Amino acid sequence: MEKHWLIKSEPDVFSIDDLAKSKTTHWDGVRNYQARNFIRDEMKIGDKVIFYHSNAEPPAAVGICEIVKEAYPDFSAFDPEDSHYDPKSKKDSPTWFMVDVKFVKKFSAPVSITEIKANKKLQKMNLVQRGNRLSVMPVTKNEFDEIVRMGN
DNA sequence: GCCAACGTTGGC
DNA sequence: GCCAACGTTGGC
């Protein structure tokens, strides 16, 4: 069964436009165990993903991408020069994983966090729960479809 | 720039 | 194994 996800990125670091240009990217740098488990255990090829801009003006869902490669070791954890370097992740037993995502579309209008919070159908989203900091989270098909509808 | 919320670290 | 200190996230 196809799943739906939301991933956050700071547009100053990597935006939906960057993804539109590069077409695909490896989603590296996730260093949270709960998010890691989603990536490693549950993300499957073909799953649809909402691309969300955090620390942005405004913070907003801005487009859609799709999983095109399932979990493999996040090599940025092995590189001491990388800002995401983590010495406890070993090549023979990696701690951190990543997937590859492919650009699907950019919304014609960003769906801001304000609009998301104001939509009754989206009240239960992990994204708008108090104190949530997960950078990778599941969303239901209904929530996914509603955000896509708002963005088009 | 502030700060609440949360995860991680490390001393004990 | 507890928990205080610390670092990070991310909306505002």
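On a predicted model such as this, the values are computed, not experimentally measured, just so you know. All values below were derived from every heavy atom in this structure, side-chain atoms included, with hydrogens, water molecules and symmetry-related copies excluded.
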Item checked: Shortest side-chain distance from K117(A), nucleotide among dT8(B), dG11(C), dG10(C) ->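 Taking heavy atoms from C-beta onward, the closest nucleotide is dG11(C).
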Notebook entry, point to check: Counting side-chain heavy atoms from CB outward, which of dG11(C), dT9(B), dT8(C) is closest to R133(A)?
Noted result: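 It is dT8(C).
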Item checked: Candidate list Y72(A), Y33(A), F78(A), test ring-ring contact (aromatic ring centres under 6.0 Å, His included), partner W96(A), passing option ->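 With W96(A) as partner, ring-ring contact (aromatic ring centres under 6.0 Å, His included) holds for just one option, Y33(A).
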Between [atom2] on [N] and [atom1] on [X], what's the gap in Å once rounded to a whole number?
X       : N       : atom1 : atom2 : answer
E57(A)  : dG10(C) : CD    : P     : 16 Å
H53(A)  : dT9(C)  : NE2   : P     : 17 Å
Q129(A) : dC6(B)  : CD    : P     : 11 Å
I116(A) : dC12(C) : CD1   : P     : 11 Å
N55(A)  : dA4(B)  : CG    : P     : 17 Å
L6(A)   : dT9(C)  : CG    : C1'   : 15 Å
K8(A)   : dC6(B)  : NZ    : P     : 12 Å
N132(A) : dT8(C)  : CG    : P     : 19 Å

Notebook entry, point to check: Quick one: CG on D74(A) to CZ on F97(A), what's the gap to the nearest 0.5 Å?
Noted result: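 So the gap between those two atoms works out to 9.5 Å.
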Next item on the list: Considering just the side-chain nitrogens and oxygens of Y52(A), establish if one lies under 4.0 Å of OP1 or OP2 belonging to dT9(C).
Entry: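 Negative; the distance criterion is not met.
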Check: Should V148(A) and M125(A) be regarded as members of a common hydrophobic cluster, given that ILVMFWY residues are connected when their side-chain heavy atoms come within less than 4.5 Å of each other, either directly or indirectly?
Finding: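 V148(A) and M125(A): one cluster.
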Next item on the list: Measure up the W27(A) and F51(A) rings against each other and bin them: parallel (under 30°), tilted (30 to 60°), perpendicular (over 60°).
Entry: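 Perpendicular: the ring planes of W27(A) and F51(A) meet at over 60°.
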